[in-house]
Enquirer: 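Sharing a structure with you now.
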Amino acid sequence: MPDPERHELIEPLERALVIFSHPDDAEFSAAATIALLTARGARVDYVVTTDGGKGSEDPAISEEELSAMRQAEQRAAADVLGVMEIVHLGYPDGYLMPTLELRRDIVREVRRFRPDLVIAQNPVRRQDGNVFIGHPDHLATGEATLAAVYPAARDRLNFPELIDEGLEPWKVRQVLVSGVERPNLYLDVSETFDRGLHALLCHSSQIADAPAVEERVRQRAAELGEPAGLALANAFLSIVMD
């Protein structure tokens, strides 16, 4: 596959599926890109693998209460971005492993939504000095997602019980992996950055200092855009499957 084909979004792009671990992961990694896709007329849906029930230092809140709060925040953020359906798989936060059951559950949603594009988390622990060295749920979700995209979602004999559910095989055409050390696709998100930031700030249970988060996210987008000559960018590892 010649490199230039990896350095742009595929066309036509009618449906995208964003698969991530916790409510807020999609917005922290790709909110402005998701806003860009919906602005172009693509349908975008979410799959959230865990219940998000561990992300708090408040001793007065239970896992169930936190999970419900974060689901509501996720819906609010998705509404800002124009995201349609959100599937919560409900695995316990903090304990996720890239099991066959998780892979099957992701394959189910890939075959049901039939996306042209999947946005996935990085399955590889970063070793470049970044403070976010890799939440184990992110790594597990990334691994299970890539294994679901290839080969499980496209091969009929993988998880034949899904055929019994009426879910025929599906071939994803492009995968964008977020949070990678060496991206090869830089998307200009100057026009959608503010909408992405608005969506991110819907996750108020996870954001103690909104101005600091805004500054950090804006600075990161500027840093990512610099190599490509863009004012603000999201960057991914693009894998073209066609």
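In this text the structure is predicted, and so the values were computed from the model without any measurement.
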Enquirer: Partners of Asp58 by side-chain contact (heavy atoms from CB on, under 4.5 Å), sequence neighbours excluded?
Expert: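 Result, side-chain contact (heavy atoms from CB on, under 4.5 Å) vs Asp58: Ser56, Ala60, Ile61.
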
Enquirer: Measuring from Arg156:CZ to Glu168:CD, what's the distance to the nearest 0.5 Å?
Expert: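 Answer for the CZ-CD pair, Arg156 versus Glu168, is 4.5 Å.
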
Enquirer: Got a sec, which residues hit side chain to side chain donor-acceptor pair (under 3.5 Å) with Glu65, two or more places apart in sequence or on another chain?
Expert: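 With neighbours one apart ignored, the set is Ser62.
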
Enquirer: Are Met97 and Glu143 side-chain neighbours, meaning at least one heavy-atom pair lies under 4.5 Å?
Expert: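 Heavy-atom side-chain distance check fails, nothing below 4.5 Å.
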
Enquirer: Does atom CD of Glu165 have more than 12 heavy-atom neighbours from other groups under 6.0 Å away?
Expert: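 Enclosed.
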
Enquirer: Give the minimum heavy-atom separation between Met241 and Tyr150, together with the two atoms involved.
Expert: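 Distance-wise, the nearest heavy atoms are CE-CB, 3.8 Å.
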
Enquirer: Can you name the residues that form a ring pair (Phe, Tyr, Trp, His ring centres under 6.0 Å) with Phe236, not counting sequence neighbours?
Expert: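 With sequence neighbours excluded, Phe236 shows a ring pair (Phe, Tyr, Trp, His ring centres under 6.0 Å) to no residue whatsoever.
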
Enquirer: For Glu215, I'd like to know if atom CD has over 12 heavy atoms of other residues, nucleotides or ligands within 6.0 Å.
Expert: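 No, CD of Glu215 has 12 or fewer neighbouring heavy atoms, counting only those of other groups under 6.0 Å.
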
Enquirer: The test is side-chain contact (heavy atoms from CB on, under 4.5 Å); show your working for Glu223 and Arg220 and say whether it passes.
Expert: CA-CA 5 Å; Glu223 291 172 353; Arg220 180 59 176 160; 3.9 Å; yes

Enquirer: Testing the basics here: between Ser205 and Leu66, what is the closest heavy-atom pair and its distance to 0.1 Å?
Expert: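 Where Ser205 meets Leu66 most closely, the heavy atoms are OG-CD1, 4.5 Å.
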
Enquirer: Just wondering, do Arg195 and Thr38 contact through their side chains at under 4.5 Å, heavy atoms?
Expert: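 Thr38 reaches Arg195 side chain to side chain.
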
Enquirer: Any side-chain heavy-atom pair from Val44 and Leu81 closer than 4.5 angstrom?
Expert: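 No; the side chains remain at least 4.5 Å from each other.
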
Enquirer: With Val87 as reference, evaluate Leu17, Thr49, Val47 under the side-chain contact (heavy atoms from CB on, under 4.5 Å) test and give the passing residue.
Expert: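 The residue from Leu17, Thr49, Val47 that satisfies side-chain contact (heavy atoms from CB on, under 4.5 Å) with Val87 turns out to be Val47.
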
Enquirer: Evaluate Ile86 against His88 for side-chain contact (heavy atoms from CB on, under 4.5 Å), listing each step before the verdict.
Expert: CA-CA 6 Å; Ile86 304 173; His88 292 274; 3.3 Å; yes

Enquirer: Verify the cluster assignment for Leu237 and Ile19: are they in a single hydrophobic cluster under the rule of side-chain heavy atoms below 4.5 Å apart?
Expert: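 They do share one cluster, since a chain of ILVMFWY contacts under 4.5 Å joins Leu237 to Ile19.
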
Enquirer: Can you confirm whether more than 12 heavy atoms, excluding those of His198, are under 6.0 Å from its NE2 atom?
Expert: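 Check fails, neighbour count at 12 or below.
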
Enquirer: What verdict does the side-chain contact (heavy atoms from CB on, under 4.5 Å) test give for His7 and Asn184, after you've listed the backbone C-alpha separation in whole Å, the side-chain angles of each residue and the deciding distance to 0.1 Å?
Expert: CA-CA 6 Å; His7 297 171; Asn184 64 0; 3.8 Å; yes

Enquirer: Is it the case that the side chain of Asp93 and the backbone of Thr50 share a donor-acceptor pair, with hydrogens and angles ignored and the cut-off at 3.5 Å?
Expert: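 No: the side chain of Asp93 does not pair with the backbone of Thr50.
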
Enquirer: Under 3.5 Å, is there a donor-acceptor pair between the side chain of Asp116 and the main chain of Leu13?
Expert: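 A pair under 3.5 Å: no.
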
Enquirer: Using modelled atom types and a 3.5 Å cut-off, is there a donor and acceptor pairing between side-chain atoms of Asn122 and backbone atoms of Val124?
Expert: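 Pair found, side chain donor or acceptor close to backbone of Val124.
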
Enquirer: Does Asp137 offer a backbone N or O that forms a donor-acceptor pair with the side chain of Ser21 under 3.5 Å?
Expert: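 Checking the backbone N and O of Asp137 against the side chain of Ser21, a donor-acceptor pair under 3.5 Å is found.
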
Enquirer: Leu232 versus Arg218: any side-chain heavy-atom pair under 4.5 Å?
Expert: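 With C-beta onward as the side chain, the pair touches.
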
Enquirer: Under the 3.5 angstrom rule, does the side chain of Glu27 hit a backbone N or O of Leu197 as a donor-acceptor pair?
Expert: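 Side chain of Glu27 to backbone of Leu197, a donor-acceptor pair under 3.5 Å: no, none is there.
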
Enquirer: Take atom CD of Glu226 as the centre, draw a 6.0 Å sphere, and report whether it contains more than 12 heavy atoms from other residues, nucleotides or ligands.
Expert: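 At most 12 heavy atoms, drawn from other residues, nucleotides or ligands, come within 6.0 Å of this atom.
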
Enquirer: In this structure, which one of Leu117, Ile10, Leu176, Val175 forms a side-chain contact (heavy atoms from CB on, under 4.5 Å) with Ser238?
Expert: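 With Ser238 as partner, Leu117, Ile10, Leu176, Val175 yield a single side-chain contact (heavy atoms from CB on, under 4.5 Å), made by Leu176.
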
Enquirer: Below 4.0 angstrom, N of the basic side chain to O of the carboxylate: do Glu63 and Lys54 qualify?
Expert: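 Yes, this pair counts.
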
Enquirer: Could you check whether Glu109 pairs with Arg112 (Lys NZ or Arg NE/NH1/NH2 to Asp/Glu carboxylate O, under 4.0 Å)?
Expert: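 Salt bridge: yes.
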
Enquirer: From Leu187 CG over to Thr192 OG1, what is the distance, rounded to the nearest 0.5 angstrom?
Expert: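 Here the interatomic distance stands at 9.0 Å.
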
Enquirer: Should Val213 and Asp209 count as side-chain neighbours, where that means a heavy-atom distance under 4.5 Å?
Expert: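 Sidechains of Asp209 and Val213: no contact.
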
Enquirer: Does the Gln174 side chain pair with the main chain of Glu8, one donor and one acceptor, at a distance under 3.5 Å?
Expert: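 Yes, because the side chain of Gln174 sits within donor-acceptor range (under 3.5 Å) of the backbone of Glu8.
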
Enquirer: Measuring only between side-chain heavy atoms, which start at C-beta, is Thr145 closer than 4.5 Å to Gln121?
Expert: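 No, their side chains stay 4.5 Å or more apart.
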
Enquirer: How long is the straight-line distance from CG of Leu185 back to CD1 of Ile239, given to the nearest 0.5 Å?
Expert: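 Rounded to the nearest 0.5 Å, the CD1-CG separation comes to 11.5 Å.
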
Enquirer: Looking at every non-hydrogen atom in both residues, tell me the closest pair between Ala199 and Ala77 and how far apart they are.
Expert: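 Scanning both residues, the minimum pair turns out to be O-CB, 3.3 Å.
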
Enquirer: Would you check if Arg108 and Phe159 make a side-chain contact, meaning some heavy-atom pair closer than 4.5 Å?
Expert: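 Side chain of Arg108 against side chain of Phe159, heavy atoms only: no contact under 4.5 Å found.
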
Enquirer: Please report the interatomic distance CG(Leu9) to CZ(Arg173), rounded to the nearest 0.5 Å.
Expert: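 The CZ atom of Arg173 is 11.0 Å from CG of Leu9, to the nearest 0.5 Å.
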
Enquirer: Taking all atoms of both residues into account, what is the closest heavy-atom pair of Gly225 and Ala233, and its distance?
Expert: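 For Gly225 and Ala233, the tightest heavy-atom pair comes out as CA-CB, 3.5 Å.
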
Enquirer: Of all heavy-atom pairs between Ser190 and Ala231, which one has the smallest distance, and what is that distance?
Expert: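 That closest heavy-atom pairing would be OG-CB, 3.9 Å.
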
Enquirer: Given the rule that I, L, V, M, F, W and Y join up when any side-chain heavy atoms are under 4.5 Å apart, are Tyr91 and Met69 in one cluster?
Expert: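 No, separate clusters.
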
Enquirer: Donor-acceptor pair, distance only, cut-off 3.5 Å: does the side chain of Arg15 make one with the backbone of Arg114?
Expert: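 Such a contact is found between Arg15 side chain and Arg114 backbone.
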
Enquirer: Any sub-3.5 Å donor-acceptor pair from Asp51's side-chain atoms to Pro92's backbone N or O?
Expert: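 Side chain of Asp51 to backbone of Pro92: no pair is present.
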
Enquirer: Would you confirm whether Gln206, through its side chain, and Asp24, through its main-chain N or O, come within 3.5 Å as a donor-acceptor pair?
Expert: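 Pair absent, no side-chain N/O of Gln206 close to backbone of Asp24.
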
Enquirer: Given the rule in the side-chain contact (heavy atoms from CB on, under 4.5 Å) test, do Phe28 and His203 qualify, once you have shown the distances and angles that lead to the verdict?
Expert: CA-CA 10 Å; Phe28 266 112; His203 297 282; 5.7 Å; no

Enquirer: Would a single hydrophobic cluster contain both Val177 and Leu224, if residues Ile, Leu, Val, Met, Phe, Trp and Tyr are joined by side-chain heavy-atom contacts under 4.5 Å?
Expert: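 No; Val177 is not reachable from Leu224 via cluster members.
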
Enquirer: In the structure I gave you, are the side-chain heavy atoms of Val110 and Val172 within less than 4.5 Å of one another anywhere?
Expert: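 Side chain of Val110 against side chain of Val172, heavy atoms only: contact under 4.5 Å found.
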
Enquirer: So, for Ala153 and Val107, which heavy atoms are closest and what is the spacing to 0.1 Å?
Expert: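 Looking at all heavy atoms of both residues, the shortest contact is CA-CG1, 3.8 Å.
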
Enquirer: Distance check, rounded to the nearest 0.5 Å: Glu161 atom CD versus Arg104 atom CZ?
Expert: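 Spacing of CD (Glu161) from CZ (Arg104) equals 6.0 Å.
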
Enquirer: Supply the atom-to-atom distance Tyr186 OH to Leu230 CG, rounded to the nearest 0.5 angstrom.
Expert: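 One gets 10.0 Å once the value is rounded to the nearest 0.5 Å.
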
Enquirer: Is there a continuous path of hydrophobic side-chain contacts, each under 4.5 Å between heavy atoms, that joins Ile119 to Leu36?
Expert: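 No, it is not one cluster - the side chains of Ile119 and Leu36 are not joined through contacts under 4.5 Å.
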
Enquirer: Just say parallel, tilted or perpendicular for the rings of His138 and His22, cut-offs at 30° and 60°.
Expert: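 Tilted.
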
Enquirer: If you group Ile, Leu, Val, Met, Phe, Trp and Tyr by side-chain heavy-atom gaps below 4.5 Å, do Val180 and Val149 land in one group?
Expert: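 Yes; Val149 is reachable from Val180 via cluster members.
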
